[in-house]
Amino acid sequence: MSDTLPTAGGAKASAVIQLARWLFATPDNGRSTWSVIMWWEARRFAFNLIVGGVGFISLVLFMVLMSTPGILKPGEDAVEPMAIFIAPILMNIAYTLGWFIEVQWNWLHRGHTGRIGPVMLAVGFIFSLLLMLLPTTVGVISVISLHHGK
């Protein structure tokens, strides 16, 4: 069976769908501690690249929005510089907690992890993306508030 979805024209599914299938693929039950860790670590680079890319674009958009006259007072910073450096570290600590929790779950349930890994990864992925979009959301709200108040 093919790992790609057919489309109306019979062409292979897009790279995005293929990436999502791989990221959230259900691993076999009865996995060892090592296989759980490897499943998560094989996906870390893609996770960091996607979430980091969205975060970078969000930060750039935020800075553009914050450059709107009247948004910031003189001498006020648009963003806390330390947050830019700390966010990726915290994100990777949380990511590591994913496989740590799955290993514990695997141990407690004697190897029957089912979909816990992919579900935790999906929830963490969505949460991380929403968190990365927060600066842009704040920027948009600030600009709307400024212009609505006039």
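Just so it is clear, the values below take in all heavy atoms, side chains as well, and ignore hydrogens, waters and symmetry mates.
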Can you give me the closest heavy-atom contact between Val143 and Leu65, atom names plus distance?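 Closest heavy-atom pair between Val143 and Leu65: CG2-O, 3.6 Å.
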
Minimum heavy-atom separation for Ser128 and Met91, please, with both atom names.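 Heavy-atom minimum between the residues: OG-CG, 4.3 Å.
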
Look up atom [atom1] in [X] and atom [atom2] in [Y], then write down how far apart they are to the nearest 0.5 Å.
X	Y	atom1	atom2	value
Phe24	Arg115	CZ	CZ	9.5 Å
Leu19	Leu49	CG	CG	9.5 Å
Asn106	Ile101	CG	CD1	13.5 Å
Trp39	Leu23	CH2	CG	8.0 Å

If hydrophobic clusters are built by linking Ile, Leu, Val, Met, Phe, Trp and Tyr wherever their side-chain heavy atoms come under 4.5 Å apart, do [X] and [Y] end up in the same one?
X	Y	value
Phe100	Phe125	yes
Leu129	Phe47	yes
Val123	Leu90	no
Met63	Ile144	yes

Counting distance only, does the side-chain N/O of [X] pair as donor-acceptor with the main-chain N or O of [Y] below 3.5 Å?
X	Y	answer
Arg43	Leu121	no
Ser58	Val54	no
Thr33	Val103	no

_Show, in sequence, the C-alpha distance, side-chain angles and deciding distance for Glu102 and Ile37, and conclude whether the side-chain contact (heavy atoms from CB on, under 4.5 Å) test is met._
CA-CA 9 Å; Glu102 186 176 356; Ile37 293 170; over 6 Å; no

Next item on the list: Using the side-chain contact (heavy atoms from CB on, under 4.5 Å) rule, take Leu134 and Leu130 through it: C-alpha gap first, then chi angles, then the decisive distance, then the call.
Entry: CA-CA 6 Å; Leu134 191 59; Leu130 290 174; over 6 Å; no

Practice prompt. Decide yes or no on side-chain contact (heavy atoms from CB on, under 4.5 Å) for Leu59 and Thr136, but give the supporting numbers first.
Written response: CA-CA 7 Å; Leu59 185 62; Thr136 300; over 6 Å; no

**Message:** Show, in sequence, the C-alpha distance, side-chain angles and deciding distance for Ile57 and Met132, and conclude whether the side-chain contact (heavy atoms from CB on, under 4.5 Å) test is met.
**Reply:** CA-CA 9 Å; Ile57 292 167; Met132 292 296 115; over 6 Å; no

Quiz item: Among Trp105, Tyr95, Trp99, Trp40, which residue meets the side chain to side chain contact (heavy atoms under 4.5 Å, CB included) test with Met120?
Solution: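 Exactly one pass, corresponding to Trp40.
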
